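Heads up: the structure comes next, in structure tokens.
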Protein chains: 2
Amino acid sequence: MNPTPLYVQLADILREMIKSGELQPRSLLPSESYLQQEHGVSRGTVRMAVGILREEALVVTIAGRGTFVRAPEPKGQ
Amino acid sequence: MNPTPLYVQLADILREMIKSGELQPRSLLPSESYLQQEHGVSRGTVRMAVGILREEALVVTIAGRGTFVRAPEPKGQ
DNA sequence: GAGAATTTGTACGTATGTATG
DNA sequence: ACATACATACGTACAAATTCT
């Protein structure tokens, strides 16, 4: 009965934006601050969502810069 | 029970300095770096405090220059 | 004009506290 | 007890705008 946690929902949204190509490889994800306001959640929730994508190796985060969409691994590796 | 947040307290102090005339219209507010050290808080806390005054239209901030006390609106404008 | 220093702008990293279910 | 979610507050890093030497 428990609804899907907000941070999982947000991770799902962002993952879909990457898979669909809306967020291109090597491009920046929206900042934590932007995602906070855009989705009406706290920074902690945003960070947990992005953390999921990081664990899935879909994105790479650099302090002071932002979070980047990783290039998909070329086939045959 | 929660104490007033530091950034609200600092905003209150700065607002009072403006209202009282200690900080004159068109003069510069102390820099973020100065306010940090002077009040023993982090830069983020200073920025949130100044952000409150900005929302109240008591000050105007210019990147690379500083934050200025706004001149009170002359009657009839 | 070049370069350094200052100041604000933006972004992520971490810790703690509170509240709810 | 635990997970979720929010807010506060510290810090670091990098970038951009401006000023000064």
Side-chain angles (χ1 to χ4, degrees), chain A residues 1-19 22-72, chain B residues 1-19 22-72:
Chain A
M1 276 298 89
N2 275 334
T4 306
L6 289 179
Y7 69 94
V8 175
Q9 291 182 45
L10 181 51
D12 290 343
I13 291 172
L14 294 173
R15 189 186 306 102
E16 192 48 39
M17 290 172 73
I18 293 172
K19 299 285 190 187
E22 183 176 348
L23 287 174
Q24 300 262 324
R26 296 194 167 72
S27 72
L28 265 175
L29 245 69
S31 71
E32 292 177 354
S33 157
Y34 177 90
L35 291 173
Q36 251 187 90
Q37 297 178 19
E38 191 69 7
H39 294 90
V41 296
S42 71
R43 189 184 168 203
T45 298
V46 170
R47 283 186 59 77
M48 284 196 286
V50 174
I52 290 177
L53 304 185
R54 209 158 31 229
E55 283 173 10
E56 295 173 357
L58 289 175
V59 300
V60 173
T61 298
I62 304 178
R65 299 286 309 281
T67 297
F68 296 83
V69 181
R70 285 188 43 160
Chain B
M1 281 298 91
N2 275 332
T4 306
L6 289 180
Y7 69 92
V8 175
Q9 291 182 44
L10 181 51
D12 290 344
I13 291 172
L14 294 173
R15 188 186 307 102
E16 193 49 40
M17 290 173 73
I18 293 173
K19 300 283 191 188
E22 183 176 348
L23 288 174
Q24 301 261 324
R26 295 192 167 72
S27 72
L28 264 175
L29 248 69
S31 71
E32 293 176 355
S33 157
Y34 177 89
L35 291 173
Q36 252 187 90
Q37 297 177 15
E38 191 68 7
H39 294 90
V41 296
S42 70
R43 189 185 167 202
T45 297
V46 169
R47 285 184 60 79
M48 283 197 286
V50 174
I52 290 176
L53 303 186
R54 219 167 14 240
E55 284 172 10
E56 294 173 357
L58 290 176
V59 300
V60 173
T61 298
I62 304 178
R65 298 243 274 144
T67 296
F68 296 83
V69 180
R70 284 188 43 160

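What you see is a predicted model; the values in this text were computed from it and never measured. Side-chain atoms are counted along with the backbone in the values below, which use heavy atoms only and exclude waters and symmetry mates. The chains referred to below are lettered A, B, ... by the order of the sequence lines, with proteins before strands, and numbering in each begins at 1.
With a cut-off of 3.5 Å on both pairing distances, D:dA1 has no Watson-Crick or G-U wobble partner at all.
Regarding contacts with the backbone of D:dA7, every side-chain N or O of A:Ser42 stays at 4.0 angstrom or more from both OP1 and OP2. The shortest distance between the side-chain N/O atoms of B:Arg65 and the OP1/OP2 oxygens of D:dA17 is not below 4.0 Å. Close to D:dT4, at under 4.0 Å from its OP1 or OP2, lies a side-chain N or O of A:Tyr7. Dashed line: the shortest gap from a side-chain N or O of A:Thr45 to OP1 or OP2 of D:dC6 is under 4.0 Å.
If you take CG of A:Leu35 and P of D:dC6, they are 13 Å apart, rounded to a whole angstrom. Rounded to whole Å, the distance from CG on B:Leu29 to C1' on C:dT8 is 13 Å. Look at CD1 on A:Ile62: it is 14 Å from P on C:dA11, rounded to the nearest Å. Whole-Å rounding puts the B:Met48 CE to C:dT8 C1' distance at 16 Å. Following rounding to the nearest Å, A:Arg47 (CZ) and D:dT4 (P) show an atom-to-atom distance of 16 Å. To the nearest angstrom, P of D:dC14 lies 12 Å from CZ of A:Phe68. A straight line from CD of A:Gln36 to C1' of D:dA7 spans 10 Å, rounded to a whole angstrom. As rounded to whole Å, 9 Å separates atom P of C:dC12 from atom CZ of A:Arg54.
Using a 4.0 Å heavy-atom distance criterion, A:Gly66 is classed as a sugar-phosphate-only contact.
Summarising the geometry of B:Leu29 relative to B:Val59, their closest heavy-atom pair is CD1-CG1, 4.0 Å, with the distance given to 0.1 Å.
Between C:dC12, C:dG9, D:dC10, one nucleotide has an atom nearer to the side chain of B:Thr61 than all others, and that is C:dG9. Closest to the side chain of A:Ser31, from the set C:dG9, D:dA9, C:dC12, is C:dC12. In this structure, of C:dG9, D:dC6, D:dC10, it is D:dC6 that holds the atom nearest to the side chain of A:Val41.
Screening A:Arg54, A:Glu56, A:Glu55 against A:Leu58 for a side-chain contact (heavy atoms from CB on, under 4.5 Å) leaves a single residue, A:Glu56.
Atom CZ of A:Arg70 has 12 or fewer heavy atoms from other residues, nucleotides or ligands within 6.0 Å.
From B:Leu14, atom CG reaches atom CE of B:Met17 across 6.5 Å, with rounding to the nearest 0.5 Å.
A side-chain donor-acceptor contact under 3.5 Å links B:Gln9 to the backbone of B:Thr4.
Place B:Arg43 and A:Arg43 on DNA chain D by their nearest nucleotides, and A:Arg43 ends up nearer the 5' end.
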